[in-house]
Amino acid sequence: MNFPKENAFVFSKLLFQFEDRQIMQKTHTELWEKCLEIFRDNLTEEQYESWFAPIVPVSYNNGDLVLWVSSPYFKEHIESTFLPLVSAV
């Protein structure tokens with residue numbers, strides 16, 4: 001699947017609080033699942049299902065978890081509305 005670059009959402013390695021060894025052994029999907037657990041515990045079901053469940057993990061390279069969202073608006077909304085929670089992950 002080809003993902004438009006403007007819809008890419010990158011979680012920097014600075015956002016993860018896992019041991020480096022654990023991160024290196026996980027796939028992008030496993031890392032995103034771990035993040036989703038945290039989001040699920042800290043958001044309403046409606047927020048979680050609307051804004052985080054649809055996100056697709058694309059890759060994990062050099063400490064960055066790259067995610068795909070459906071539109072630039074979707075990306076901007078997550079960054080502006082949920083930045084404190086995303087930054088805490």
Side-chain angles (χ1 to χ4, degrees):
M1 180 179 243
N2 191 8
F3 297 101
K5 194 171 197 163
E6 64 271 10
N7 294 4
F9 187 66
V10 178
F11 273 15
S12 169
K13 63 184 170 186
L14 299 175
L15 298 178
F16 292 105
Q17 297 177 359
F18 306 114
E19 291 181 24
D20 287 345
R21 203 170 350 150
Q22 286 181 307
I23 290 174
M24 297 309 290
Q25 295 173 353
K26 294 194 180 290
T27 67
H28 60 283
T29 304
E30 291 171 321
L31 287 171
W32 182 237
E33 288 297 323
K34 189 72 170 166
C35 292
L36 286 176
E37 290 175 18
I38 296 166
F39 296 139
R40 194 177 294 118
D41 290 343
N42 289 280
L43 297 168
T44 66
E45 184 175 346
E46 183 178 315
Q47 289 173 318
Y48 173 81
E49 291 296 328
S50 297
W51 296 104
F52 289 90
I55 296 174
V56 177
V58 176
S59 65
Y60 179 68
N61 295 310
N62 298 321
D64 291 333
L65 178 60
V66 179
L67 308 169
W68 181 84
V69 294
S70 59
S71 71
Y73 167 77
F74 198 101
K75 176 184 169 184
E76 290 171 17
H77 180 77
I78 290 173
E79 290 174 332
S80 65
T81 306
F82 301 106
L83 186 60
L85 178 59
V86 170
S87 296
V89 171

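Since the structure is predicted, the reported quantities are computational estimates derived from the model, not experimental observations.
Atom CD of Glu45 and atom OG of Ser50 lie 9.5 Å apart (nearest 0.5 Å). For the atom pair Leu36 CG and Leu31 CG, the distance stands at 11.0 Å (nearest 0.5 Å). Considering OG of Ser71 and NE2 of His77, their distance stands at 10.5 Å, rounded to 0.5 Å. How far OG1 of Thr81 is from CD of Glu76: 10.5 Å, rounded to the nearest 0.5 Å. With rounding to the nearest 0.5 angstrom, the CD1 atom of Ile78 is 3.5 Å from the CD1 atom of Ile55. For the atom pair CD (Glu33) and OG1 (Thr27), the distance works out to 9.0 Å, reported to the nearest 0.5 Å.
Counting all heavy atoms, side chain and backbone alike, Pro57 lies closest to Leu67 at CA-CD2, 3.7 Å. In plain terms, the two heavy atoms of His28 and Tyr60 that are nearest each other are CB-N, 3.7 Å.
Using a 4.5 Å heavy-atom threshold, the side chains of Trp51 and Val69 count as separate. Inter-residue side-chain proximity for Pro54 and Phe74 is flagged as met; some heavy-atom pair is nearer than 4.5 Å.
Under the 3.5 Å distance criterion, the side-chain polar atoms of Glu49 are left unmatched by any main-chain donor or acceptor of Glu46.
Ring orientation note: the planes of Phe52 and Phe82 are nearly perpendicular, at an angle over 60° on the 30°/60° scale.
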